[in-house]
Amino acid sequence: MSEPQLRRKYPFDQIEPKWQRHWLEHKTFAAKDDTAKPKLYVLDMFPYPSGAGLHVGHPEGYTATDIFCRYKRMRGFNVLHPMGWDAFGLPAEQYAIDTGTHPSVTTKKNIDTFRRQIQMLGFSYDWDREVDTTDPHYFKWTQWIFLQLYKKGLAYEAEVPVWWCDGCKAVLANEEVNADGTCDRKGHKGVYRRPLRQWILRITAYAERLLADLEHVNWPHSIKEQQRNWIGRSEGANVEFAVAGSDLKIEIFTTRPDTLFGATYMVLAPEHPLVDKVTTAAQKSAVDTYRSAATKKSEIERGMTDKEKTGVFTGGYAVNPVNDEKIPIWIADYVMMGYGTGAIMAVPAHDTRDFEFAKKFGLEIRTVVQPPAGVDPHGFTGDGVSVNSGPITGLPTPEAKKKITEWLGERGLGEFAVNYKLRDWLFSRQRYWGEPIPIVHCAKCGTVPVPESELPLRLPEMKDYSPSGNAEPPLAKATDWVNCQCPQCGGAAKRETNTMPQWAGSCWYYLRYIDPKNAAAFVAKDKEKYWMPVDLYVGGAEHAVLHLLYSRFWHKVLFDLGHVSTPEPFTRLVNQGMILGEIEYLLFKRTDVNGAEFEVSASDLINITPMNAGKARAAAYHKDDPNRQVILGYPVSEGALTRTETGFALKDNRSIRVHMQCHKMSKSWGNVINPDDVVKEYGADTLRLYEMFMGPLEATKPWSMEGVQGIYRFLGRVWRLYCDEEGKLLVNDAAADTKLVKVLHQTIKKVGDDTEALAFNTAISQMMIFVNELTAQESRPRAVLEPFALLLAPYAPHIAEELWQKLGHTKTLSCEPWPQYDESLLVETTVQIVVQVNGKVRTRLDVPAQIAKEELEKLALAHADVQPFLTGKQVKKVIVVPGKLVNIAAA
RNA sequence: GCCGUCGUGGCGGAACUGGCAGACGCGCUGGACUCAAAAUCCAGUGGUAGCGAUACCGUGUGGGUUCGAUUCCCUCCGACGGCACCA
């Protein structure tokens with residue numbers, strides 16, 4: 001591949017560095033805090049500068065926003081488009097532990113690489129606003145915001161069971177634990193619960209607003225839905241059950257208070273504090289055994305074993321407040337301590353879980369909701385009509401809920417309640433490379449915030465950052481740093497040794513860009529007011545519930561404190577889709593007992609599962625093999641294949657079908673495309689344009705090197721429209737013919753409309769149509785080529801600038817106004833009308849655009865190609881859509 | 001299991017509020033240029049039948065609404081993403 005250097009179709013290797021330098025030196029894209037122009041704040045999710053460098057996924061979103069920004073500048077907007085680094089985090093620290101290099105050194109190096117790579121793509125960032133979350137001038141304000149939260153009572157310490165990851169030797173947030181019990185960051189398996197003193201942010205206090213305000217943002221439906229699910233609001237009632245023979249009360253939460261009359265037992269979570277008190281002597285050993293087994297399992301393991309329900313009777317009884325019936329109290333691990341009150345009333349007739357449990361343990365199942373006719377009431381969880389339910393008998397479910405809640409309220413037995421799945425945010429990490437939490441622990445004064453005047457609180461220099469493994473953060477070893485004076489009483493005190501999680505710095509970075517050098521405030525009020533909110537935010541969907549929920553939370557706190565002027569930070573959010581590796585073809589082979597290999601047609605396989613072991617890329621079973629012997633699939637080159645009616649098959653043996661697949665780019669799949677290589681071979685403009693041409697921004701799509709070459713050819717053709725092989729200008733002042741002018745104006749309209757709508761792929765195809773049209777012509781009129789350079793500029797800015805300069809302009813085209821199209825030129829004088837008979841196209845008519853309906857109908861009916869389809873039939877109806885078609889309904 | 005998104009040629013994908021399905025690109029086929037190749041340019045390219053004009057079929061499946069459905073409604077199938085004993 002790399003031997004004969006591809007002949008340059010145009011000198012991108014000279015043009016691109018030239019213009020990148022020009023833009024940087026002239027600060028072409030510096031945003032001015034200029035209130036006269038309409039503002040536009042376009043934000044990219046800033047990257048974590050990993051050692052691996054830029055990935056082709058990064059430029060996808062960055063190119064999209066860059067095109068939008070460049071376009072909007074030409075439309076007269078004052079655009080803020082910044083970039084920075086989310087640079088705290090584990091990999092740099094891990095690297096430090098492995099090599100002894102200080103994380104700040106690694107971080108700086110990685111940032112330099114990322115900056116170089118990003119600048120090499122010609123993005124129009126305002127580099128004077130670059131931020132770095134590890135810069136003390138930046139994290140000073142991260143710490144400051146933490147103190148505002150602390151002062152508002154939104155940050156607190158607690159000894160709580162937390163997710164501990166043996167692999168990372170650190171606590172994970174709920175959000176960092178995968179559903180299968182592994183760590184989200186590294187996939188480590190040893191993740192379990194352990195109690196630890198933690199800093200926690202009271203995000204639950206904002207649950208209602210975080211949910212409600214989703215109504216007001218223009219975000220993808222799926223992201224909003226994910227946030228709603230994560231917050232998990234549900235309405236119901238808290239109800240108190242007395243414990244029989246004692247003064248104890250057990251509070252439960254239910255979303256179905258209307259089924260209270262069907263409660264035949266109660267379940268406590270094994271960790272519930274009242275378990276000991278309700279357990280009878282006879283049941284004590286059984287309960288203890290069950291409980292210790294349950295605590296050994298993590299909450300995730302419990303969730304995963306979605307098989308048999310388990311539980312133990314405590315021996316105690318509760319009294320159902322609605323009918324004074326005694327019901328047994330059980331403990332079972334299908335009830336979680338972390339949700340609601342950790343206790344439930346069990347209504348086996350109308351709750352799936354309770355139903356299963358009751359069946360297993362032979363507990364009473366009592367129907368209290370009558371389902372619609374024909375539905376089995378046992379295990380019916382939908383809405384119906386209450387039966388056998390005292391005061392609410394006969395009421396439909398929604399009314400029954402309301403009425404019984406009122407009834408409980410009047411008697412002091414319960415009340416309306418709202419519950420959330422959302423838990424408070426575990427905010428501390430037992431690691432070195434993060435923002436120190438600006439808190440001092442004093443024996444006399446307790447927890448004391450570091451005075452704001454002493455911020456930033458820097459990390460101490462350390463030689464050994466390795467975590468001790470016993471949950472003692474590495475900072476504890478920096479005794480000179482830890483031992484300090486209490487800011488309040490002046491006595492001996494110790495600093496907090498936990499650090500903040502990586503999410504902290506990214507919670508507010510979009511605010512710092514607005515005023516990145518301000519030493520007196522995290523952002524000046526007037527500037528904040530001018531630039532906020534962010535008009536467009538583009539990034540990956542993987543941040544749906546983490547970063548995006550956390551930053552909304554912080555923003556709302558800052559809003560309540562009067563520091564920012566908008567309740568939501570990001571007006572519009574767009575997720576760019578993932579770029580997958582190239583499509584590969586797999587040939588499946590089976591080995592028989594003698595070791596001979598047989599090729600197997602993919603059409604005979606089931607359960608084809610991608611895998612990566614040795615050379616094999618997928619595993620499958622033969623559809624007729626009851627023994628399920630594993631058959632492996634190996635990559636095969638496209639050249640060995642041929643097309644058949646049913647798909648791709650081997651050239652040599654057409655009965656052997658191959659399987660097509662593609663997956664996420666990753667080192668292990670060996671399908672990673674490095675942007676550096678693409679830029680070197682084809683140039684940045686090609687990379688930008690290709691990534692936008694692949695498909696809709698939001699879609700997941702596979703990489704194709706041939707597609708890159710197609711774009712490269714296109715840019716070569718663009719270049720040759722303007723100049724010859726020696727670079728001599730071909731453009732002349734000859735008049736453009738009307739057809740060309742028309743295509744130009746169509747292109748101006750479509751590229752403008754599509755860019756506005758972020759439909760970059762179709763904008764590019766329109767530019768291709770324009771170039772194809774012009775290539776077919778002899779003349780090269782300036783009147784169409786000049787505006788075209790401007791249209792191309794947001795997409796392929798380097799080549800556009802160079803051509804603009806060749807056309808004789810001395811200033812950058814970045815500030816030129818966007819070309820205007822002339823509506824009158826787009827109007828067709830004659831149009832082609834489709835004539836259908838019963839919905840099928842039978843002929844086409846070229847007619848004047850203004851033709852009368854009746855005239856058109858007459859022409860259509862009389863047409864020679866139409867007549868044969870009408871003979872022997874009666875015309876029932878004729879539909880005429882002006883400018884489009886005539887449809888004759890005949891029978 | 002629940003929630004969400006989506007199924008269009010050989011491939012990536014177009015198609016405004018229901019109105020010519022397959023724009024544009026890739027790939028492939030043929031041609032021009034060349035000693036030859038690369039590059040470039042031109043032409044063709046959903047399937048089936050036919051020399052042909054043309055005809056029939058065709059937007060995951062089955063149905064419905066409509067003069068007309070890739071688009072709207074219902075059923076089922078499949079893919080992807082998220083959540084997962086949340087009371």
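The sequence lines fix the lettering, A, B, ..., with proteins before strands; numbering per chain opens at 1. Every value quoted in this text rests on a predicted model; they were computed, and no experiment measured them. All heavy atoms count here, side chains included; hydrogens, waters and symmetry mates do not.
Between U8(B) and G78(B), the distance separating the two C1' atoms is 15 Å to the nearest Å. Taking the P atoms as reference points, A39(B) lies 11 Å from C28(B), given to the whole Å. Nucleotides C16(B) and G22(B) are separated by 13 Å at their P atoms, to the nearest Å. Comparing U45(B) with C24(B), their C1' atoms sit 15 Å apart, to the nearest whole Å. G9(B) and U5(B) have their C1' atoms separated by 24 Å, given to the nearest Å. Separation of the P atoms belonging to A23(B) and G47(B) is 13 Å when rounded to the nearest angstrom. A gap of 15 Å separates the P atoms of U59(B) and C11(B), to the nearest Å. Look at the P atom in both C35(B) and G44(B): the space between them is 28 Å, to the nearest Å.
Remark: Arg842(A) qualifies as a cation-pi partner of Phe869(A) under the 6.0 Å distance and 45° angle criteria applied to the six-membered ring.
With a 3.5 Å ceiling on both atom-pair distances, U59(B) lacks any Watson-Crick or G-U wobble partner. Applying the Watson-Crick and G-U wobble criteria (two distances, each under 3.5 Å), U66(B) pairs with nothing in any strand. With a 3.5 Å ceiling on both atom-pair distances, the Watson-Crick or G-U wobble partner of G4(B) is C80(B). Partner assigned to U71(B) is none, using Watson-Crick or G-U wobble distances below 3.5 angstrom. Base pairing of A49(B): its partner is U54(B), meeting the Watson-Crick or G-U wobble criterion (both donor-acceptor distances under 3.5 Å). Both distances falling under 3.5 Å, in either a Watson-Crick or a G-U wobble arrangement, occur for no nucleotide opposite G22(B). Here A38(B) sits opposite no nucleotide as a Watson-Crick or G-U wobble pair (both hydrogen-bonding atom distances under 3.5 Å). Shown here, A43(B) forms a base pair with U29(B); the pair counts as Watson-Crick or G-U wobble because both key distances fall under 3.5 Å.
Candidate nucleotides G82(B), G4(B), C85(B) were compared by shortest atom distance to the side chain of Gln226(A), and G82(B) ranks first. Of the candidate nucleotides A87(B), G13(B), C41(B), C41(B) has the atom lying nearest to any side-chain atom of Arg720(A).
The aromatic rings of Tyr795(A) and Phe760(A) sit perpendicular to each other, their planes meeting at more than 60°, with 30° as the lower class boundary. Using bins of under 30°, 30° to 60° and over 60° for the plane-to-plane angle, the ring pair Phe361(A)/Phe357(A) lands in the tilted bin.
No side-chain N or O of Asn419(A) forms a donor-acceptor pair with one of Ser234(A) less than 3.5 Å apart. Glu698(A) and Gln576(A) share no donor-acceptor pair across their side chains, judged by distance under 3.5 Å alone. In the model, Gln766(A) has a side-chain atom that pairs as donor or acceptor with a side-chain atom of Thr747(A) under 3.5 Å. Inspection of the Gln746(A) and Tyr821(A) side chains reveals no N or O donor paired with an N or O acceptor under 3.5 Å. No side-chain N or O of Tyr420(A) forms a donor-acceptor pair with one of Thr204(A) less than 3.5 Å apart.
Glu235(A) has its CD atom 18 Å from the P atom of C86(B), to the nearest Å. Taking atom NZ of residue Lys359(A) and atom C1' of nucleotide C85(B), one finds them 15 Å apart after rounding to whole Å. At whole-Å resolution of the value, CE in Met578(A) and C1' in U5(B) are 14 Å apart. Leu580(A) has its CG atom 14 Å from the C1' atom of C11(B), to the nearest Å. Nucleotide C85(B) holds its C1' atom 10 Å from the CD1 atom of Ile344(A), rounded to whole Å. When the C1' atom of C41(B) is taken as reference, atom CZ of Phe714(A) falls 17 Å away, rounded to whole Å. As a whole-Å value, the separation of Gln576(A) CD from G81(B) P is 16 Å. G9(B) atom C1' lies 14 Å from atom CD1 of Ile583(A), rounded to whole Å.
Remark on RNA chain B: of its neighbouring residues Lys701(A) and Ser234(A), the 5'-side contact belongs to Lys701(A), judged by nearest-heavy-atom nucleotide. Mapping Met345(A) and Pro696(A) onto RNA chain B by nearest heavy atom places Pro696(A) at the nucleotide closer to the 5' end.
You'll find a donor-acceptor pair under 3.5 Å spanning the side chain of Lys309(A) and the base of C85(B), going by distance alone.
Put simply, Lys749(A) has no side-chain N or O that comes within less than 4.0 Å of OP1 or OP2 on C16(B). Not one side-chain nitrogen or oxygen of Lys421(A) sits closer than 4.0 Å to the OP1 or OP2 atom of C86(B).
Annotation: Lys360(A), atom NZ; neighbour count of heavy atoms from other residues, nucleotides and ligands within 6.0 Å is above 12. Heavy atoms of other residues, nucleotides or ligands lying less than 6.0 angstrom from NZ of Lys664(A) number 12 at most.
Contact annotation for Arg842(A): backbone-only contact, meaning every heavy-atom pair under 4.0 Å involves sugar-phosphate atoms and none involves a base. Residue contacts for Thr352(A): at a heavy-atom cut-off of 4.0 Å it reaches no nucleic acid atom on any strand shown. Residue contacts shown for Thr341(A) are absent, as no nucleic acid heavy atom lies under 4.0 Å away. Heavy atoms of Lys876(A) sit nowhere under 4.0 angstrom from any nucleic acid atom.
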Letter by letter from the 5' end, nucleotides 19-26 of chain B scores (B base, S sugar-phosphate only, - none; protein heavy atoms under 4.0 Å) BB--BBSS
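With a glycosidic angle no further than 90° from 0, G9(B) counts as syn.
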